[in-house]
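Read through the structure below, which is laid out as structure tokens, and then see the notes.
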Amino acid sequence: MDGVVDRAEVFVGSCHWKVKMATLEAWDLRRLRDLQRASEMNPSLSSSSSPTSSHSTSAGSWFSGVVRGRSDRAGSVKMGSDSASGGSGEFSGPVVRKNQFRGALFKYGPKPIQVAFKTGDYRQQVIFIGGLTDGFLATEYLEPLAIALDKEKWSLVQLLMSSSYNGYGTSSLKQDAMELDQLISYFINKEDSEGVVLIGHSTGCQDIVHYIRTNAACSRAVRAAILQAPVSDREYRATLPETAAMIDLASTMINEGRGSELMPSEADLAPITAYRYHSLCAYNGDDDMFSSDLTDDQLRLRLGHMSNTPCQVIYSMADEYVPDYVDKKALIRRLCKAMGGAEKVEIEHGNHSLSNRIQEVVAAIIDFIKREGPKGWDDPWN
């Protein structure tokens, strides 16, 4: 190896990461170039080297076809040749096939978990922030969204944070905001970003609201925000039988100065501190931003600062994590009003992740970004 790099062209698949592909591809190409040079220097070897070259290409075909999307594999791409490759003979789009993205995996912060995956190589980025237990490939609409954004010259970025997967129980909105700021700083300083749009799914919506409130220097690069499924963790957890007793226990632990200690295992699927449990489940906790029983003044106190950022709220009208007693139409109207007049999108019959309304959510996001996204980078310190 010539050296170590902090990013590589890879695939994020449903069950595997081919992280060393770039190294293997380089070896494959070097081998072919050596054979070609030998043939040019000694024409008499052309006929004898041809089978060798053919064998080398055949041996590497499984890899070359996947990495470069050669035309001989184009017929197997499930997403359709036009949508995936932009109509060119050689695949160059962000999605290879179902659950397999093409792009760059890179580190954006000092922690091992702080890696992100980016499709496309553009100076405008849409950053997707998932909810509890989410990581890469969190929702099914990310595949068509990546393709649609690529056509508009935008990159789709999926990040891992300390709170990803089962890490949410020992993290916080404050920690998420710090790590999100590091990612945006990476794009500003390393890739000359012209601005970003944030998409939050579920609890990722709380991350966006909290991050914008911090008014960190890099938050000025946020040109717009999209909240998809901004639901109340508290109202959903209140439907579970064990929640009330666990809230009392968390409150007691916090009052005793043990907020950073773990709750009993029956409190949550993941290890969770007393502080984070209280934040998610208790009235007026740090995560309590979208509850239907909050007054207009309380919602404005939590969400009013979003009025300085173009916002879109996408609400699933059949969200399984919203209790039946909640008037969804009234709630989304109040949320948008508290945010200073955010754009309202109601997805009829849509579930929490909108896996049953994929085309509708992608169309809504693309339409909003084309209208409200970055028009060019303005120096945030000017």
Side-chain angles (χ1 to χ4, degrees), residues 9 11-12 69 74 77-106 116-130 136-159 180 183-184 186-188 190-201 204 208 218 220-228 309-314 342-345 347 353-354 357-378 380:
E9 181 178 308
F11 291 112
V12 175
V77 177
K78 298 294 190 298
M79 302 304 293
S81 58
D82 290 340
S83 62
S85 64
S88 63
E90 182 174 331
F91 170 76
S92 60
V95 177
V96 180
R97 60 175 59 83
K98 183 70 174 177
N99 291 332
Q100 194 172 87
F101 287 61
R102 180 179 187 270
L105 184 72
F106 61 95
F117 185 81
K118 183 186 73 168
T119 60
D121 189 21
Y122 306 112
R123 293 174 64 186
Q124 300 180 132
Q125 298 86 23
V126 172
I127 300 175
F128 177 86
I129 306 162
F136 289 146
L137 310 180
T139 65
E140 292 185 31
Y141 65 74
L142 288 178
E143 290 183 18
L145 179 60
I147 294 171
L149 288 172
D150 193 74
K151 292 178 179 178
E152 301 296 333
K153 307 303 181 186
W154 285 75
S155 291
L156 175 64
V157 181
Q158 304 174 57
L159 79 159
L180 179 58
L183 175 64
I184 297 175
Y186 174 93
F187 285 124
I188 293 173
K190 298 290 184 66
E191 301 199 3
D192 197 22
S193 174
E194 294 180 350
V196 303
V197 170
L198 304 180
I199 298 180
H201 164 66
I208 292 177
C218 292
R220 302 178 191 179
V222 177
R223 295 297 195 249
I226 299 172
L227 308 185
Q228 187 265 305
T309 303
C311 293
Q312 180 187 60
V313 178
I314 303 176
E343 178 178 299
K344 176 183 64 173
V345 178
I347 306 291
S353 66
L354 291 174
R357 291 292 184 272
I358 292 176
Q359 296 306 319
E360 291 181 45
V361 64
V362 171
I365 291 172
I366 293 298
D367 177 68
F368 178 75
I369 288 177
K370 289 171 69 174
R371 285 185 286 112
E372 302 290 356
K375 303 299 190 295
W377 175 250
D378 298 320

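We number each residue from 1, following the sequence as shown.
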(request) Begin from the C-alpha positions of E360 and V362 and carry the test side chain to side chain contact (heavy atoms under 4.5 Å, CB included) through to its verdict. (result) CA-CA 6 Å; E360 291 181 45; V362 171; over 6 Å; no
(message) For a salt bridge (Lys or Arg N to Asp or Glu O under 4.0 Å) check, start with the C-alpha distance between K153 and E194, then their side-chain angles and the critical distance, and finish with the verdict.
(response) CA-CA 12 Å; K153 307 303 181 186; E194 294 180 350; over 6 Å; no
(request) Please report the C-alpha distance between I127 and L180 in whole Å, then the side-chain angles of each, then the deciding distance to 0.1 Å, and finally whether the side chain to side chain contact (heavy atoms under 4.5 Å, CB included) criterion is met. (result) CA-CA 9 Å; I127 300 175; L180 179 58; 4.2 Å; yes
(message) If you apply the rule side chain to side chain contact (heavy atoms under 4.5 Å, CB included), what do you find for V196 with V126, and how did you get there?
(response) CA-CA 6 Å; V196 303; V126 172; over 6 Å; no
(request) With side chain to side chain contact (heavy atoms under 4.5 Å, CB included) as the test, would you mind laying out the steps for V197 and V222 before giving the verdict? (result) CA-CA 6 Å; V197 170; V222 177; over 6 Å; no
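Between the CZ atom in R223 and the CD1 atom in I369 there is a gap of 14.0 Å [rounded to 0.5 Å]. One distance of note links CG of L145 with CG of L142; it measures 6.5 Å at 0.5 Å rounding. Here the CD1 atom belonging to I314 is positioned 6.5 Å from the CD1 atom belonging to I347, to the nearest 0.5 angstrom. Atom CD of residue E343 and atom CD1 of residue I226 lie 8.5 Å apart, to the nearest 0.5 angstrom. Interatomic distance, CZ of R357 versus CD of E140, reported as 13.0 Å (0.5 Å rounding). With rounding to the nearest 0.5 Å, the separation of CD1 in I184 from CZ in R220 is 13.0 Å.
For the pair R123 (side chain) and D192 (backbone), a donor-acceptor distance under 3.5 Å is present. Checking side-chain atoms of Q312 against main-chain N and O of A364 turns up a donor-acceptor pair under 3.5 Å.
Taking the ring centroids of F106 and F117, they lie at or beyond the 6.0 Å cut-off.
Residue G200 comes nearest to I208 through the heavy atom pair N-CD1, 3.2 Å, listed as atom of the first residue, atom of the second, then distance. Heavy atoms only, all atoms of each residue included: L137 and Q158 are closest at N-OE1, 2.7 Å. Of all heavy-atom pairs spanning V157 and F187, the tightest one is CG2-CZ, 3.5 Å. Counting all heavy atoms, side chain and backbone alike, S193 lies closest to Q125 at OG-OE1, 2.7 Å. Scanning both residues, A224 and T309, for their nearest heavy atoms gives CA-CG2, 3.9 Å. Taking all atoms of both residues into account, the shortest heavy-atom contact from Q359 to P144 is NE2-CB, 4.5 Å.
L159 has its side chain out of reach of F128: every pair of non-hydrogen atoms, C-beta onward, lies at least 4.5 Å apart. In this structure the side chain of L149 reaches within 4.5 angstrom of the side chain of I366, judged on heavy atoms. In this structure the side chain of Y122 reaches within 4.5 angstrom of the side chain of D150, judged on heavy atoms.
Remark: the Q124 side chain and the S155 side chain contain no N/O donor-acceptor pair separated by less than 3.5 Å. Looking only at atom types and distance, the side chain of Y141 has a donor-acceptor partner in the side chain of Q228 under 3.5 Å away.
At a threshold of 4.0 Å, the pair E191-K118 counts as salt-bridged, since one of the basic side-chain nitrogens sits closer than that to a carboxylate oxygen.
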